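Given the structure is predicted, the values throughout are model-derived calculations rather than measurements. Because only heavy atoms are used, hydrogens play no part in the values below, and waters and symmetry mates are left out as well, while side chains stay in. Remember, it's 1-based here, ligands and their atoms both numbered in the order they're listed.
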Amino acid sequence: MAEAIYDSSNIFAKILRGEIPSHRVYEDDAVIVFMDVMPQGQGHTLVVPKAPSRNLLDADPAVLGPLFVHVQKVARAVKKAFDADGVTVVQFNEPASGQTVFHLHVHVIPRFDGIPLKPHSGQMEKPEVLAENAGKIRMALAS
Ligand code: AMP
């Protein structure tokens, strides 16, 4: 099979270019962090490096260290913001693994004892809930 290449028309590239909105939690030169619109659990957040790559397989290794420093900060913040018992960090590569958006991103999902994850790319959350949750995570990141 021919190697898949990065396509800048993907939805996260559009968010990065400001062409479509997102419930933004954090942004700097390296990453953007925003709420997943179809959360698998309360506070499901995405950490997205600005550097273009489809996924982990074609990413510049130099991107990965800084990316995971941000993933750790966001994991700590969501745990605090939602008083979670744990945090799931997950990342998919190519359709066979479940990847649906082809710009590298890491899912950070607060977890609560006894509460299973909802389906991946399931139901849309209400914008007001996403906005409120983004605010809680912003506050936790700042504290
Ligand atoms: P993946 O399977 O890892 O590629 O997951 C892509 C994720 O992006 C899914 O969890 C979707 O719910 C989420 N998603 C899709 N479109 C948007 C969007 N416009 N804003 C935020 N999250 C999105």
Taking the side chain from S9 and the backbone from D7, do they hold a donor-acceptor pair closer than 3.5 Å?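 Between the backbone of D7 and the side chain of S9 there is no qualifying donor-acceptor contact (under 3.5 Å).
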Could you tell me how the ring of H70 sits relative to the ring of Y26: parallel (under 30°), tilted (30 to 60°) or perpendicular (over 60°)?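 If you compare the ring of H70 with that of Y26, the planes turn out tilted.
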Hey, what do you get for CG (L46) to NE2 (H107), rounding to the nearest 0.5 Å?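 So the CG of L46 and the NE2 of H107 are separated by 5.5 Å.
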With E125 as reference, evaluate L130, D36, V37 under the side-chain contact (heavy atoms from CB on, under 4.5 Å) test and give the passing residue.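 Only one of L130, D36, V37 forms a side-chain contact (heavy atoms from CB on, under 4.5 Å) with E125, namely L130.
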Passing option when Q91 is tested against L67, L56, V47 for side-chain contact (heavy atoms from CB on, under 4.5 Å):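 Result: among L67, L56, V47, L56 is the only option passing the side-chain contact (heavy atoms from CB on, under 4.5 Å) with Q91.
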Quick one, list the residues around ligand 1 where some non-hydrogen atom comes in under 4.0 Å, by chain and residue number.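 Around ligand 1, where the cutoff is 4.0 Å for heavy atoms, the contacting residues are I11, F12, I15, F34, M35, D36, V37, M38, L46, F92, G98, Q99, T100, V101, H105, H107, H120, S121.
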Which atom of P110 lies closest to which atom of F82, heavy atoms considered: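 Smallest heavy-atom distance, with atoms named: CG-CD1, 3.9 Å.
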